Amino acid sequence: MQMSRRAFLAGVSTFALTAAASAREYRGGIPWHPGASLPPPAFDPDDVYFTAEERAFVTAAVDRLIPADDFPSASELGVVDFIDHQLAGAYGRGDIYYMQGPFRDGLATQGYQAQAPALLYRQAIADIRQGLADAGQPDFVELGPEEQDLVLTRLSEGRETLAHTDAKTFFDTLWQNTQEGYFGDPVYGGNRNMEAWRMINFPGARYDYRPWIDHGGEAVILEPVSVGGRMVP
Amino acid sequence: MTTILPRREVLIVGFGWTGAIVAEQMTREGLDVIALERGLWRDTSTDYAVNNAQDEVRYRYRDELFEDLSRETLTFRNEGGQEALPMRMLGSFLPGTNVGGSGVHWNGQTWRFLPTDFQVRSHNIERYGEDAIPEDMTVQDWGVTYDELEPHYDTFDKLCGIAGKAGNLGGEIQDGGNPFEGPRSSEYPNPPMEMVAAPLRFADAARELGYQPFPGPSANMSQAYTNPLGVSLAPCSYCGFCEKYACGNYSKATSATTILPALMQRENFTLRTGAMVLRVETRDGQATGVTYVTTEGEEFFQPADMVFLCTYITHNVNLLMQSGIGEIYDPQTGEGQVGRNYAYQAMSGANVFYDQDFAVNPFVGAGALGQVIDEFNGDNFDHTGLGFIGGGYIAQWQTNGRPIEHHPVPSDTPTFGLGWKQAVRENYNHTIGVGAHGAVHSYRGNHLDLDPTYRDAYGRPLMRLTFDFKQNDIAMSNYLTDRVAEIARAMGGRRVDVSPLKTPYDITPYQTTHNTGGHIMGDSPSNSVTNKYNQSWDISNLFLMGAGNFPHNPGYNPTATVAALAYHSLAEIKRSYLQNPGPLVQA
């Protein structure tokens, strides 16, 4: 069937020109425009959220979560930059999360009940640092590795009570974001040079493994590829 | 101010799998059809190009294909005495939004239910006696039979180009297929997927234990395929980005890759996006149309002769509640049907860890690439003395090696730190997961209603979900998990860790997007919201598509049954309703 030119124009002429979110009508064909594909949002290292103190805290924490050994630590692969940038944007603001009150603690089975992630980080870091100060202890970044691990473990097990937010929710969010930054695509600022992928031999954004279906239990080791190509931003 | 639009013959709310099926069938009849979709237009070449599609942060963890909870969500509690709280982030299930709906990001595991699944109450009572169904288990026969649905399952298999091996052709058991399945009228349109090492290990172990493994039916293309609408799909490239992702390669059957290229050409079809339907309007026992609001905040009334609700199941139920159609179910009195018999899926499994000399290469995967046994599904085994009914399939699917989501470690690994990092490195390429995909039978306490406290962005009360796994689910799942463990231990690894069903139900960890019930079908208005043709008992020009019709959730993935029910409904609409509008079944 021939596509109706009138219907085509009525339906899609503004598709590529304005925000994709507005209401539209489509009739008489599949709308398609050259150059209208949606690449991942660009990483901007200047678009950040943390204060200097928060950044120091998160750097110390993520390097206890994923420390350096023969392979880089979390911060060495850009995880702090990743989290900082994520919190400065839609994720940190909770744009697509339900953020209406009332906020209540709830049961463990009821899921995330904290404020949006950026505020969660701000409240939790301040509370943890205040708690250490009140106990006459050094700041988190001044603690030794074992003491830092103890603080993180207490958070992870929900044994720490914070004044303004939920300790376990903060730990779970920090740990999840750390893994996202470490193992995610390098276009988002973490996993620099795809080193985390090399560590486990994940080949990245390759889209055709048919030559290796019959691998017979032999390790398939391929140079990784990013959705941004091989370049590291 | 509400703008009143010109009347249409057929109005579809929600443009995912069933919306596209309804539109394709109704435009073919020459009817003037409009579909309203709250999300955006989405198309493979523009939005899911292969150079963008394989992005874990963007799609899985920033929810690009999933619904926006800031607009509407639900509240959740495990049981009636608790205060429900809002699902602020997605977790346990991931409903989609935009054109294609959740069908864009499914794995493509494409099952038919067992013939006895549709007679779950009468069959179990007949075989095991009245005591087989506990007093508070509210399962019921579906009012439709496998034989009635078979031609429509067949239509969907051919639309999608499902890859598999028949186990029962017209009553003749076939070597290499599922010997327990209902009789099929024809072989799968495509041969099974080519297997990688992990499912082959599972199949070998299962065979040694006396089971009959077979290749899982797949909506990933095992070869190039052109469907009856003339739409072509490409061979799957085993890229390992399937569930939670869109396919950039036209290799997974979705509405966009099987229906839309044909449907969108038809002059009697119109799609409006950015159109959020707030309620169905009714007068004198008929739907007059729907009221919707656009992304820009303008409100419209779209009149129509027939209305099809084709949104995700929770939204279909919510639309009934927000529109005051039917009575909301009260578990105390048992009165009301809307929101009754919500169910889910009972997932459990085991990990088999291998030494470094055997590599799994988990990234060489596909959504429905696997081997399965069906000995413990439905009533395929004798339940005498077991204390439960139903079951599930046991499978090894090699779906992915996406490292944020997939980095299995032994259960005694530290939560974080050097020990965790070393364990990830040692086990990433040397672990095989085996899973049990179990049924959930409906219970009195598991239901949907409206929340007294929280509201959505349109000012409406949020829907409230009350759900927990009950005695039958737990006993059944534990039995399945024991069978999983036996197979896993026969797979030649150095270690096996077993993960039973986690109770109480927790809305945070991803389990599966197989929510069911709430506007269930049945043989009488006293036990259901829709008749066997998924036509509202209350409003005869209102049809409800989707898994909301399931009176309980059997031990298989739901999509093929969702589609078969839609085709079954549409066949009767074409045969009878279009000539004589009115109830297709007398109440």
Side-chain angles (χ1 to χ4, degrees), chain A residues 1 3-4 20-32 36-40 64-67 69 91 95-100 104 106 109-113 149 152 156 175 179-180 183-185 188 199-203 205-210 212-213 215-220 227, chain B residues 40-41 43 46-47 49-52 54-58 61-63 68-70 73 76 78 85-89 91 194 196-197 237-239 249 261 264-265 267 270-275 294-296 358-359 361 363-364 401 403-404 415-418 421 425 428-429 504-508:
Chain A
M1 194 181 289
M3 182 188 294
S4 148
S22 46
R24 301 251 174 284
E25 185 163 301
Y26 302 92
R27 198 161 72 85
I30 292 267
W32 183 82
S37 76
L38 296 170
R64 294 313 303 157
L65 296 175
I66 308 182
D69 51 12
Y91 171 72
D95 282 1
I96 61 163
Y97 304 140
Y98 184 82
M99 285 294 137
Q100 296 185 44
R104 308 208 199 285
T109 57
Q110 290 178 300
Y112 190 101
Q113 294 298 333
D149 284 356
L152 292 168
S156 76
W175 184 212
Q179 293 174 62
E180 290 165 4
F183 286 122
D185 196 283
Y188 299 101
M199 178 179 91
I200 54 172
N201 288 317
F202 173 61
R206 288 174 177 268
Y207 89 99
D208 191 354
Y209 291 117
R210 280 173 295 176
W212 296 281
I213 293 170
H215 58 72
E218 295 292 317
V220 174
V227 293
Chain B
L40 311 171
W41 172 260
D43 182 55
T46 306
D47 303 299
V50 284
N51 54 331
N52 290 333
Q54 285 125 353
D55 184 338
E56 236 190 325
V57 170
R58 177 180 179 181
Y61 292 100
R62 296 298 173 267
D63 304 340
D68 176 351
L69 299 187
S70 75
T73 183
F76 164 69
N78 286 119
L85 293 179
M87 180 171 74
R88 296 186 180 280
M89 295 180 178
E194 196 180 336
V196 290
S237 58
Y238 292 65
C239 82
N249 202 49
M264 295 300 288
Q265 309 289 338
E267 292 284 354
T270 305
L271 166 67
R272 269 190 217 129
T273 60
T294 65
T295 317
E296 290 78 13
F358 173 68
N361 302 311
F363 41 84
V364 185
I404 303 173
T415 307
F416 61 86
L418 283 175
K421 189 181 181 190
R425 204 156 62 227
Y428 172 77
N429 202 12
Y505 170 68
D506 183 339
I507 203 161
T508 301

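Chain A is the first sequence line, chain B the second, and so forth, proteins listed ahead of strands; every chain is numbered from 1. The shown structure was predicted, so the numbers you read here are calculated from the model rather than taken from an experiment.
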task: Measure the spacing between CG of B:Asp63 and OH of A:Tyr97 and express it to the nearest 0.5 Å.
output: 5.5 Å
query: Between B:Asp55 and A:Tyr188, does any side-chain donor sit less than 3.5 Å from a side-chain acceptor?
result: yes
Pick from A:Gly184, A:Gly111, A:Pro39 with the largest number of heavy-atom pairs that fall under 4.5 Å of chain B: A:Pro39
- request: Among the options B:Pro403, B:Gly417, B:Ala197, pick out the one with the most heavy-atom pairs lying under 4.5 Å from chain A.
  value: B:Pro403
task: Check each atom of A:Asp95 against the heavy atoms of chain B and say whether the ones under 4.5 Å are side chain, backbone, both or neither.
output: backbone
- prompt: Is there a donor-acceptor pair under 3.5 Å between the side chain of A:Arg27 and the backbone N or O of B:Glu267?
  reply: yes
query: Do you know which two heavy atoms are closest between B:Arg272 and A:Glu25, and how far apart they sit?
result: NE-OE1, 2.8 Å
field: Residue part contacting chain A, namely of B:Phe76, when any heavy atom lies under 4.5 Å
entry: both
message: Quick check on the interface: out of A:Glu180, A:Met99, A:Arg210, A:Gln179, who has the most heavy-atom pairs with chain B under 4.5 Å?
response: A:Glu180
Shortest non-hydrogen separation from B:Lys421 to A:Ile66 and the atoms involved: CD-CG2, 3.8 Å
task: Using a 4.5 Å cut-off on heavy atoms from C-beta on, say whether the side chain of A:Leu38 contacts that of B:Arg58.
output: yes
field: A:Glu218 portion near chain B, given a 4.5 angstrom heavy-atom threshold
entry: backbone
- prompt: Any idea which of B:Thr294, B:Leu85, B:Val57, B:Val196 has the most non-hydrogen atom pairs under 4.5 angstrom with chain A?
  reply: B:Leu85
Closest non-hydrogen atom pair between B:Asn429 and A:Ala219, with its separation: ND2-CB, 3.9 Å
- line: Between B:Ser237 and A:Tyr207 the two heavy atoms that sit nearest each other are OG-O, 2.5 Å
query: Is any side-chain heavy atom of A:Tyr98 closer than 4.5 Å to a side-chain heavy atom of B:Met87?
result: no
query: Do the numbers put A:Arg64 on top of the ring of B:Phe416, so that NZ or CZ is under 6.0 Å from the six-membered ring centre and no more than 45° off the axis?
result: no
message: Quick check: closest heavy atoms across A:His215 and B:Ala359, and the distance to 0.1 Å?
response: CE1-O, 3.5 Å
message: Less than 4.5 Å apart, side chain to side chain, heavy atoms only: is that true for B:Phe363 and A:Val220?
response: yes
task: Check whether A:Asn201 gets within reach of chain B through its side chain, its backbone, both or neither, counting any heavy atom under 4.5 Å.
output: backbone
query: Are A:Ile30 and B:Trp41 close enough that some pair of their side-chain heavy atoms sits under 4.5 Å apart?
result: yes
field: Side chain proximity check, B:Asp43 to A:Pro31, heavy atoms < 4.5 angstrom
entry: no
- prompt: Any idea which heavy atoms bring A:Thr109 and B:Pro504 closest together, and the distance?
  reply: CG2-CG, 3.6 Å
query: Quick one: are B:Tyr238 and A:Ile213 in side-chain contact, heavy atoms under 4.5 Å?
result: yes
query: Taking the side chain from A:Gln110 and the backbone from B:Asn78, do they hold a donor-acceptor pair closer than 3.5 Å?
result: no
query: Tell me, do A:Phe183 and B:Ile404 make a side-chain contact under 4.5 Å, heavy atoms counted?
result: yes
- prompt: With side chains defined as the heavy atoms from C-beta onward, is the minimum distance between A:Gln113 and B:Pro86 less than 4.5 Å?
  reply: yes
- line: Cut-off 4.5 Å, heavy atoms of chain A, and the answer for B:Asn51 is backbone
query: Top residue by heavy-atom pair count (under 4.5 Å) with chain B, among A:Gly106, A:Ala205, A:Gly216, A:Ser156?
result: A:Ala205
message: I'd like to verify something: which residue of B:Thr73, B:Val50, B:Thr508, B:Leu418 has the highest number of heavy-atom pairs under 4.5 Å with chain A?
response: B:Leu418
